[in-house]
Amino acid sequence: MKEREIMNTQTGNIALIDSLEEQAIILFRENKINESIEKLESIWHSCFEQPPYLHDIESRAWRICVSLIALYKKQEKYEDALIWALYATQFTNRILDSDFICAGEIYLKMNKLDLAFEMFDKAYKSGKARAFKEHDDAWEFYKNYPTTKQV
């Protein structure tokens, strides 16, 4: 049975996604990072209606985003990580504080300070200081960032 045929039912889709995700995890454990990324991106594009954040299946699409963010960050490919981090902020069925903080931290790595502040500000407006739990550097940056520019 072809993968596309299995996807006709949500149960089949869940089983397929889980199976493919397990393959990506095995590739990661074998230190085949690029192959793991390719597998995860394939899941994203073939197993979810696009845009997936509108059609997530039991948080699996979000989980694919988070995995891709981690893999790209591990490779220090911050622009690629940022793409997935911004996707992660689109999932309306989740509390987004940590997703905004993740995107902000990537912007910091890229030295895009205004954009980092913008992401941190979204997290703060949603979850106040508690949103920054375990993100001390992000919290310090946010608290101390000048919000008005000197002319």
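Keep in mind the model is a prediction, meaning the values are calculated, not measured.
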Separation between [atom1] of [X] and [atom2] of [Y], rounded to the nearest 0.5 Å:
{"X": "Lys73", "Y": "Leu71", "atom1": "NZ", "atom2": "CG", "answer": "11.5 Å"}
{"X": "Tyr53", "Y": "Leu86", "atom1": "OH", "atom2": "CG", "answer": "10.5 Å"}
{"X": "Leu68", "Y": "Ile37", "atom1": "CG", "atom2": "CD1", "answer": "6.5 Å"}
{"X": "Cys102", "Y": "Trp84", "atom1": "SG", "atom2": "CH2", "answer": "13.5 Å"}
{"X": "Ser36", "Y": "Lys74", "atom1": "OG", "atom2": "NZ", "answer": "11.0 Å"}
{"X": "Arg63", "Y": "Ile57", "atom1": "CZ", "atom2": "CD1", "answer": "11.0 Å"}

Does [X] reach the side chain of [Y], with side-chain heavy atoms less than 4.5 Å apart?
{"X": "Leu20", "Y": "Ser42", "value": "no"}
{"X": "Phe28", "Y": "Gln23", "value": "no"}
{"X": "Tyr142", "Y": "Phe117", "value": "yes"}
{"X": "Leu108", "Y": "Phe120", "value": "yes"}
{"X": "Ile106", "Y": "Tyr72", "value": "no"}
{"X": "Leu54", "Y": "Glu49", "value": "no"}
{"X": "Tyr124", "Y": "Phe100", "value": "no"}
{"X": "Glu140", "Y": "Lys143", "value": "yes"}

Verdict with supporting geometry, Ile101 and Met119, side chain to side chain contact (heavy atoms under 4.5 Å, CB included):
CA-CA 6 Å; Ile101 290 172; Met119 289 292 121; over 6 Å; no
NZ/NE/NH1/NH2 to OD/OE distance under 4.0 Å, Asp18 and Arg60:
yes
One thing to verify: whether Lys109 and Glu76 come together as a salt bridge, which I'm taking to mean a side-chain N less than 4.0 angstrom from a carboxylate O.
no
For [X] and [Y], work out which heavy atoms get closest and say how close.
{"X": "Leu82", "Y": "Met110", "answer": "CD2-SD, 4.0 Å"}
{"X": "Gly104", "Y": "Ala116", "answer": "O-CB, 3.4 Å"}
{"X": "Trp44", "Y": "Cys65", "answer": "CZ3-SG, 3.2 Å"}
{"X": "Pro52", "Y": "Phe48", "answer": "CB-CB, 3.7 Å"}
{"X": "Ala123", "Y": "Phe132", "answer": "CB-CZ, 4.4 Å"}
{"X": "Gln50", "Y": "His45", "answer": "NE2-CA, 3.7 Å"}

Measure the acute angle between the ring planes of Tyr145 and Phe141, then classify it against the limits of 30° and 60° as parallel, tilted or perpendicular.
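If you compare the ring of Tyr145 with that of Phe141, the planes turn out tilted.
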Please step through side chain to side chain donor-acceptor pair (under 3.5 Å) for the pair Asp114 and Tyr107, ending with a clear verdict.
CA-CA 9 Å; Asp114 287 342; Tyr107 277 128; over 6 Å; no
Applying salt bridge (Lys or Arg N to Asp or Glu O under 4.0 Å), can you list everything that pairs with Lys125, at least two apart in sequence or on another chain?
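Only Asp121 meet the salt bridge (Lys or Arg N to Asp or Glu O under 4.0 Å) criterion with Lys125.
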Please evaluate residues Gln75 and Asp80 with respect to the criterion side chain to side chain donor-acceptor pair (under 3.5 Å), reporting the C-alpha separation (whole Å), side-chain torsions for both, the decisive distance (0.1 Å), and the verdict.
CA-CA 10 Å; Gln75 293 182 319; Asp80 292 321; over 6 Å; no
Evaluate the side chain to side chain contact (heavy atoms under 4.5 Å, CB included) criterion for residues Tyr87 and Ile69: first the C-alpha distance (whole Å), next the side-chain angles of each, then the deciding distance (0.1 Å), finally the verdict.
CA-CA 10 Å; Tyr87 281 148; Ile69 294 164; over 6 Å; no
Report whether [X] and [Y] are members of the same hydrophobic cluster (ILVMFWY, side-chain heavy atoms less than 4.5 Å apart, transitive linking).
{"X": "Ile25", "Y": "Ile14", "answer": "no"}
{"X": "Leu27", "Y": "Leu40", "answer": "no"}
{"X": "Ile26", "Y": "Ile43", "answer": "no"}

Tell me, yes or no, whether the heavy-atom count around Glu30 atom CD, taken from other residues, nucleotides or ligands under 6.0 Å, exceeds 12.
yes
Above 12 or not: heavy atoms from other molecules or residues under 6.0 Å from CG of Asn144?
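Result for CG/Asn144: enclosed.
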Dump the intermediate steps for salt bridge (Lys or Arg N to Asp or Glu O under 4.0 Å) on Glu21 and Lys39, then the final yes or no.
CA-CA 8 Å; Glu21 193 174 10; Lys39 180 65 71 176; over 6 Å; no
With a 3.5 Å distance limit and no angle check, can you tell me whether Asn13 reaches the backbone of Cys47 through a side-chain donor-acceptor pair?
yes
Are the side chain of Ser126 and the backbone of Lys122 linked by a donor-acceptor contact shorter than 3.5 Å?
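Flag not set: sc Ser126 to bb Lys122 has no pair under 3.5 Å.
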Test side chain to side chain donor-acceptor pair (under 3.5 Å) on Asp99 and Thr89; report intermediate values, then the result.
CA-CA 5 Å; Asp99 297 326; Thr89 66; over 6 Å; no
